[in-house]
Amino acid sequence: MHPWAATAISCANIALIKYWGNRDPELHIPSSGSISINLDGLYSRTGVTFDPAALADQLILNGENAPATALERASALLERVREMAGLRFHARVESENNFPTGTGIASSASGFAALALAASRAAGLELDEASLSRLARSASGSACRSVPGGFVEWQAGESDQNSYAFSIAPAGHWDLVDCVAVISQTHKSIPSQAGHRLADTSPLQAARVADTPRRLAICRRAILERDFEALAQIVELDSNLMHAVMMTSSPALFYWLPATLQVILSVMAWRKGGVPVCYTIDAGPNVHVLCQAGYAPEITERLNQTERVMRVLTAHPGGPTHLLAEVD
Ligand code: PMV
């Protein structure tokens with residue numbers, strides 16, 4: 001194997017309290033903090049090789065040359081690593097996701113978190129968790145949350161130095177399951193990078209941001225005390241607030257499809273009927289349906305029977321980004 005090579009694995013994550021809007025769009029310093037769970041089994045595997053003979057960085061995504069925008073973002077991260085390590089070589093990056101790309105299951109989060117670890121190790125750096133989280137954040141905000149394990153909070157901070165994520169509880173703390181109702185597998189129309197830039201055009205964003213510390217505190221407490229009912233209420237409110245901002249920005253962003261609303265209404269009815277379950281939706285039409293592990297088979301079954309749900313992926317809380325292989 002090449003001496004400047006490493007491969008890392010990183011889980012996707014689902015935000016319980018969402019990140020939408022930046023105070024610094026270049027560095028991805030968010031307008032407010034967020035909380036997420038890593039998703040075990042939904043992962044990116046990313047290999048990096050710095051090659052003295054390479055004339056440019058190269059990014060192979062799921063076996064094909066990546067689009068120019070993805071290559072630019074990866075190159076910017078590689079450039080930060082080269083600066084830190086005093087290295088000049090270009091890199092070949094090969095990344096694969098084991099779940100559909102661009103459907104609101106954050107492939108950029110797991111992909112860039114894995115890239116941050118693989119690239120820094122391949123360059124001979126041993127970064128601590130906060131530094132790795134900051135590096136991942138520079139490529140994609142939510143990627144900083146895939147670096148630590150389990151239940152994770154991203155403190156917004158106000159600079160590159162103090163905007164990073166850390167674990168608030170390990171993966172084994174609470175066996176929640178994310179049952180992802182896949183409604184569409186086509187690539188989303190407006191990438192989240194562009195969406196973040198529109199957040200402040202919504203008259204609702206300022207109120208949403210001002211209220212975020214309150215929602216973070218409720219969510220944190222619900223996780224630490226394993227209080228599902230409190231979690232359900234704050235998670236749904238937070239998702240609704242983010243989508244309200246999206247729908248009221250200029251231009252308006254609608255990520256939902258008719259089936260998205262159908263699943264939302266079903267989940268609300270199930271909870272009213274006594275099944276502890278709640279929904280949250282990212283920048284795509286798929287619905288993440290959360291429940292405690294004992295209810296997962298029943299929820300999966302109900303979702304599978306719901307019209308226009310193509311399939312259901314399930315994930316328990318996942319661990320931190322880790323190396324698969326490294327060369328001494
Ligand atoms: O990290 P980005 O730029 O892909 O933004 C992610 C935004 C949401 O997934 C919609 C919310 C979140 O906090 O993950």
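Counting begins at 1 with the first residue of the sequence. Bear in mind the structure is a predicted one, so any value in this text is a computation, not a measurement. Atoms within a ligand are numbered from 1 in the order they appear, just like the ligands themselves.
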Any idea which atoms of ligand 1 are less than 4.0 Å away from a heavy-atom of Lys18? 13 (O)

Consider only side-chain N and O atoms of Arg302 and Ser266, and report whether a donor and an acceptor are under 3.5 Å apart. no

Under the salt bridge (Lys or Arg N to Asp or Glu O under 4.0 Å) test, residues paired with Asp178 that sit two or more places apart: none

Exactly one candidate in Ser44, Ser95, Ser10 meets side-chain hydrogen bond (donor to acceptor under 3.5 Å, both in side chains) with Ser110; the answer is Ser44

With sequence neighbours excluded, residues passing salt bridge (Lys or Arg N to Asp or Glu O under 4.0 Å) with Arg215: Asp211, Asp238

For Gly141, the ligand 1 atoms with a heavy-atom partner under 4.0 Å come out as 1 (O)

Under 4.0 Å between a Lys/Arg side-chain N and an Asp/Glu carboxylate O for Glu126 and Arg121? yes

As an exercise, identify every atom of ligand 1 less than 4.0 angstrom from a heavy atom of Ala15. 12 (C), 13 (O), 14 (O)

Using distance alone, determine whether His196 and ligand 1 share an N or O pair under 3.5 Å. yes

Check ion pair Arg80-Glu83 (N to O, under 4.0 angstrom): no

I want to know if ligand 1 touches Tyr19 in the polar sense, i.e. an N/O pair below 3.5 angstrom. yes

Enumerated ligand 1 atoms positioned under 4.0 Å from heavy atoms of Gln193: 3 (O)

So is Ser34 in contact with ligand 1, going by heavy-atom distances below 4.0 Å? no

Does the N or O separation between Ser192 and ligand 1 drop below 3.5 Å for any pair? yes

Should His90 and Phe50 count as side-chain neighbours, where that means a heavy-atom distance under 4.5 Å? no

Run the side-chain contact (heavy atoms from CB on, under 4.5 Å) check on Tyr295 and Val289 step by step: do they pass? CA-CA 11 Å; Tyr295 291 93; Val289 180; over 6 Å; no

Tell me, please: is Arg145 in heavy-atom contact with ligand 1, that is, under 4.0 Å? yes

I need the atoms of ligand 1 closer than 4.0 Å to a non-hydrogen atom of Ser142, numbered in the order shown. 1 (O), 2 (P), 4 (O), 6 (C), 14 (O)

With heavy atoms of Ser108 as the reference, note each atom of ligand 1 found under 4.0 Å away. 4 (O)

